[in-house]
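Below is one structure, written out as structure tokens; the observations come after it.
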Amino acid sequence: MSRVLKNNLWVCLLSALFLASAPAKAATLSFYCITNNIAGDCAIGESQLTVNVSDAGSGQVLFHFKNLAGGSASSITDVYFDDGSLLGISSITNGPGVSFSQDASPPNLPGGNNISPPFQTTAGFLADSDPAVQPNGVNPGEWLKIYFSLQSGGTYNDVINELGNGQLRIGIHVQGFASGGSESFVNNPVPVPAAVWLLGSGLVSLVAIGRRKKISARA
């Protein structure tokens with residue numbers, strides 16, 4: 001491999017590592033169904049329910065739940081959190097048409113034992129919609145914000161890392177489907193940062209170029 005090629009390799013490597021280490025501002029997570037009572041209802045939840053996780057400053061993290069506008073009938077009625085660097089719910093902001101309060105019934109995510117390890121809601125890390133449950137839940141076009149305080153020394157990046165490796169999980173119970181059924185969902189891991197893909201693709205490309213040059217020189 002030539003000196004120029006090696007220099008390019010190092011530039012690619014250092015740039016990718018710098019980008020990967022830079023603090024992220026927000027991450028949007030989708031959900032996967034863990035109860036699978038009705039396949040169509042699972043598909044609705046997986047396609048139109050998301051949570052945006054962002055740094056709220058002052059040692060807090062914001063979890064912004066959304067139900068896609070114009071989507072099929074569905075309502076997030078319970079939200080649960082399993083472990084991580086979170087200290088406790090700081091506040092809840094209800095969007096128009098939504099009314100949530102801390103604590104929930106049931107006290108653990110329905111169907112949480114269907115996954116491994118089982119979903120175990122951390123004490124106090126839950127909220128649900130006030131009666132009437134489905135109308136006050138997060139229906140299509142609506143949203144809910146839950147602010148969490150972090151443990152001493154905890155950071156937003158800790159939360160993002162934990163959402164990626166499974167140390168922190170978010171569960172939601174969804175009702176109000178046209179079928180009359182309900183389903184439970186857990187967040188998919190945080191997507192791999194673009195910088196990581198840049199690092200991988202850059203290294204592969206440069207190594208491939210080096211190999212081709214070696215082969216050409218031997219021919």
Query - Atom pair CG/OG of Leu62 and Ser90 - distance to nearest 0.5 Å - result: 10.5 Å
Report summary line: To the nearest 0.5 Å, atom CG of Asn37 lies from atom SG of Cys42 at 7.0 Å
Report task. In sequence, state the C-alpha distance, the side-chain angles, and the governing distance for Leu126 and Asp78, and then conclude on side-chain contact (heavy atoms from CB on, under 4.5 Å). Result -> CA-CA 7 Å; Leu126 66 170; Asp78 305 84; over 6 Å; no
So does [Y] get a backbone contact from the side chain of [X], meaning a donor-acceptor N/O pair under 3.5 Å?
{"X": "Asp128", "Y": "Ser105", "answer": "yes"}
{"X": "Asn139", "Y": "Gln134", "answer": "yes"}
{"X": "Asn161", "Y": "Asn157", "answer": "yes"}
{"X": "Ser75", "Y": "Thr77", "answer": "no"}
{"X": "Asn67", "Y": "Val138", "answer": "yes"}
{"X": "Glu46", "Y": "Cys33", "answer": "yes"}
{"X": "Tyr156", "Y": "Val53", "answer": "yes"}
{"X": "Gln175", "Y": "Ser74", "answer": "no"}

Requested in this report: Show your reasoning for whether side-chain contact (heavy atoms from CB on, under 4.5 Å) applies to Lys145 and Val98.
Outcome: CA-CA 10 Å; Lys145 294 181 178 180; Val98 176; over 6 Å; no
Report task. State, without any angle test, whether Ser99 and Asn94 hold a side-chain donor-acceptor pair at a distance under 3.5 Å. Result -> no
Query - Donor + acceptor pair across side chains of Ser85, Gln151 (<3.5 Å) - result: no
If we only count heavy atoms from C-beta on, is the [X] to [Y] side-chain gap below 4.5 Å?
{"X": "Pro140", "Y": "Gln48", "value": "yes"}
{"X": "Tyr32", "Y": "Asn187", "value": "no"}
{"X": "Thr28", "Y": "Val51", "value": "no"}
{"X": "Lys66", "Y": "Leu49", "value": "no"}

Report task. Apply side chain to side chain donor-acceptor pair (under 3.5 Å) to Ser101 and list each qualifying residue two or more places apart in sequence or on a separate chain. Result -> Asp130
Query raised in the report: Would Thr50 and Phe65 count as a side-chain contact (heavy atoms from CB on, under 4.5 Å) if you check the C-alpha gap in whole Å, the side-chain angles of each, and the deciding distance to 0.1 Å?
Result: CA-CA 6 Å; Thr50 60; Phe65 296 87; over 6 Å; no
**Report entry** Among Thr121, Asp82, Asp83, Thr122, the one residue meeting side chain to side chain donor-acceptor pair (under 3.5 Å) with Arg169
**Finding:** Asp82
Query raised in the report: Can you hop from Ile115 to Phe185 via hydrophobic side chains spaced under 4.5 Å?
Result: no
Query raised in the report: When you look at Val186 and Ile170, which way does the side-chain contact (heavy atoms from CB on, under 4.5 Å) test go after all the steps?
Result: CA-CA 6 Å; Val186 171; Ile170 305 169; over 6 Å; no
Query - Sole candidate of Tyr147, Phe148, Trp143 that passes ring pair (Phe, Tyr, Trp, His ring centres under 6.0 Å) when paired with His64 - result: Trp143
Report summary line: Leu150 meets the side-chain contact (heavy atoms from CB on, under 4.5 Å) criterion, sequence neighbours left out, with Val61, Leu86, Val159
